[in-house]
*Asks:* 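Okay, here's the structure, questions in a sec.
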Protein chains: 2
Amino acid sequence: MGDAHIPKLQLLLAFDREFPASFHEEIKRRFPDVEVRSLLLQHGTPIPSEIARDSTIVVTLGNLPNPEDAKDIKFIHFFSAGLDKVIHNPIFLDSSVPITTSTGIHGPPIAEWTLLNWLAASRQYQYTLENQKKHVWGRGEAYAQGHDQVGKKVGILGYGSIGRQIARVAVALGMTVHAYTASPRPTPSSRHDPHYIVPGTGDADGTLPISWNHGTDKASLHAFLSLGLDHIVVSLPLTPQTTHLLGAEEFAVLAASKPPNHPNPYLTNISRGKVIDQDALIASLKSGELSGAALDVTDPEPLPENHPLWDAPNVQISPHVSALGKEYFLRSFDVVRENLERVKRGEALVNEYKRGKGY
Amino acid sequence: MGDAHIPKLQLLLAFDREFPASFHEEIKRRFPDVEVRSLLLQHGTPIPSEIARDSTIVVTLGNLPNPEDAKDIKFIHFFSAGLDKVIHNPIFLDSSVPITTSTGIHGPPIAEWTLLNWLAASRQYQYTLENQKKHVWGRGEAYAQGHDQVGKKVGILGYGSIGRQIARVAVALGMTVHAYTASPRPTPSSRHDPHYIVPGTGDADGTLPISWNHGTDKASLHAFLSLGLDHIVVSLPLTPQTTHLLGAEEFAVLAASKPPNHPNPYLTNISRGKVIDQDALIASLKSGELSGAALDVTDPEPLPENHPLWDAPNVQISPHVSALGKEYFLRSFDVVRENLERVKRGEALVNEYKRGKGY
């Protein structure tokens, strides 16, 4: 009788950084039924056998057990969304331990980053800041030249967790959303978001876009870019097919279909720098074909000090940080919490990596 | 037979500024059934009798017909939301010509201004800008100290058009909304927005707040400020009752109920500077009781160059411009369009000023 006889689940946090005490307290509060241990290990170092064998859940970024020590592990959870740096590890190749990722937790911060950049560009924020520094009350005429997002069209290339949260905020602002995916999404079920969703965010059922577009050929992409978009957001993975997907031709197509009396199209890239032909981007910003660009990613990274992109007109560059924030790791543990419940109920895990699929 | 025999309605645009040709073309496009004339007049100058008598709709900011010339005028539309500068004009006192305002069109730009300031404060935007100017790739650690809005609580003092659009965007970001009004709003109909609503924005039915709060006494206000708010937004009119509504006591109450591990409360004022006790605000920013403030309005305006508010910690000041943008006047004409349709259908006008109510 009594729960005391049921051994607690053992959650091992194996990471190369110390978290503050408040973090550990919060984890304990959120996992009252689990024994939480943490282990500081250099990135890439395997988890020692005796510790691995004693663990039922492992949470990590790059510390893995040997396959022979993983028999009792229910799942290994990664703090990252991608697994490209670890998929050749024996635990992937020589075991069937379930692996889960943090896909889905990046939507809110990256959507906020996107919105911040759009609004800073459209609403004279630099002018405001500079005036405040000088104690100058700015001129209303300068702000009367600003514009807002109501009625604007945003095209989202890659309608995953991030694109969906951008869509949610865009619709709240009064914009319309047009989605583009590689494969067709003709049915309601094909439009569902299969990944973890931060509660209260995203577009779980894929009902926000007023048009769904798809294709992997240039004609399909150009048809999408001809919809009269005010914004184009790049949120798709870098693959050989998406490398330099957007270049001089695409910027010309975008600009040609711009609605009258609207600013020229604005580009947002929160994916990878190489999806854009960066020289073509600089040329389009200089010519005014694009009215501006918000780039959290560049090619290469870090962007060299003497690179011309830094000073291209109306570009805003941040150092690949749009997903970061205090919430990141606790939110990743929300995925662990969800999967722990699913293990108890005998259900399929969310965000489970499919071995053999290659990403 | 034929529409040619019905005289076109005569819309007179009487204003102290010239609009560009593209604006006049757009107005003609939107009002194909109306003859549009425009008249450049100094602010406050009455509309000449012969022109007023020939007009069926007047659109203005401060040029009015004499009552005796206004018999055929269906309504006079103001570009402003408030009428406090004109309500002593004879057209208000000695005529019953319907007067309409632009209430409702300020929601989208002011909500965008609010969001921009929140996100610039929470997401290291100044650091990003300064690094870009220096061609420096910033440090991820700086951004890991940022935070996002998911799960944060915003309290909105005054749940009108502006508060509602802020609520709409806040909910999209994953926040919860708490409304505060002077009078109780216990029924669904009492929560409706009675004013013009920019299509695709706002909270027409008042369904977004998870709590409605009300009162005109200090105890009610303090109960509201004790809800554990991360943000407090001031969007209520300045009256004797709201002058210095928020001061040292209120900031202390806000800070005392802040959720653990959240930043201290953040204040946003898009109403009038005098609603805040500004000296108390500066003290609370200096002490950290408030984590920051976004102010589009100050006391006085313009804020003098040597005023200490300019350099208070974590304050962002803009020169009373949050409603401005290229869309302003065309959007005001959307209200005219709506009322023109209502006149044709014999319906009550939207945004109609009630004579005798005093604002």
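Naming: A, B, ... by sequence-line order, numbering from 1 per chain.
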*Asks:* Which of the residues B/L309, B/D311, B/N117 is involved in the greatest number of heavy-atom pairs with chain A at under 4.5 angstrom?
*Replies:* B/D311
*Asks:* Select, from A/G200, A/G151, A/G146, A/P304, the one with the greatest count of heavy-atom pairs under 4.5 Å involving chain B.
*Replies:*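 Heavy-atom pairs under 4.5 Å are most numerous for A/G146.
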*Asks:* Relative to chain A, which of B/V198, B/V150, B/N306, B/T176 shows the most heavy atom pairs under 4.5 Å?
*Replies:*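 Counting heavy-atom pairs under 4.5 Å, the top option is B/V150.
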*Asks:* Assign the ring pair A/H135 / B/W310 to parallel, tilted or perpendicular, where the plane angle (0 to 90°) is split at 30° and 60°.
*Replies:* parallel
*Asks:* Find out whether B/N261 and A/K326 are in side-chain contact, i.e. whether some heavy atom of one side chain is under 4.5 Å from a heavy atom of the other.
*Replies:*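 A side-chain contact under 4.5 Å is absent here.
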*Asks:* Could you look at A/L129 and say if it's the side chain, the backbone, both or neither that has a heavy atom under 4.5 Å from chain B?
*Replies:* side chain
*Asks:* Less than 4.5 Å to any heavy atom of chain B: does that hold for the side chain of A/V169, its backbone, both, or neither?
*Replies:*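 Its backbone and side chain both get close to chain B.
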*Asks:* Relative to chain B, which segment of A/Q149 carries a heavy atom at a distance below 4.5 Å: side chain, backbone, both, or neither?
*Replies:*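 Interface part for A/Q149: both.
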*Asks:* Mark yes or no for whether B/R123, through its side chain, and A/G325, through its backbone, hold a donor-acceptor pair below 3.5 Å.
*Replies:*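 Pair absent, no side-chain N/O of B/R123 close to backbone of A/G325.
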*Asks:* Can you tell me which portion of A/S322 sits under 4.5 Å from chain B's heavy atoms? Options are side chain, backbone, both or neither.
*Replies:* backbone
*Asks:* What I'd like to find out is whether the side chain of B/Q124 reaches to under 4.5 Å of the side chain of A/V321, using heavy atoms alone.
*Replies:* no
*Asks:* Heavy-atom pairs under 4.5 Å with chain A are the metric here; pick the option from B/L324, B/V171, B/D148 that has the most.
*Replies:* B/D148
*Asks:* Just by modelled atom types, is the A/V315 backbone N or O under 3.5 Å from a matching donor or acceptor in the B/Q132 side chain?
*Replies:* yes
*Asks:* For B/T128 and A/Q316, run side-chain contact (heavy atoms from CB on, under 4.5 Å): C-alpha distance rounded to whole Å, both residues' side-chain angles, the deciding distance at 0.1 Å, then the answer.
*Replies:* CA-CA 9 Å; B/T128 305; A/Q316 300 180 88; over 6 Å; no
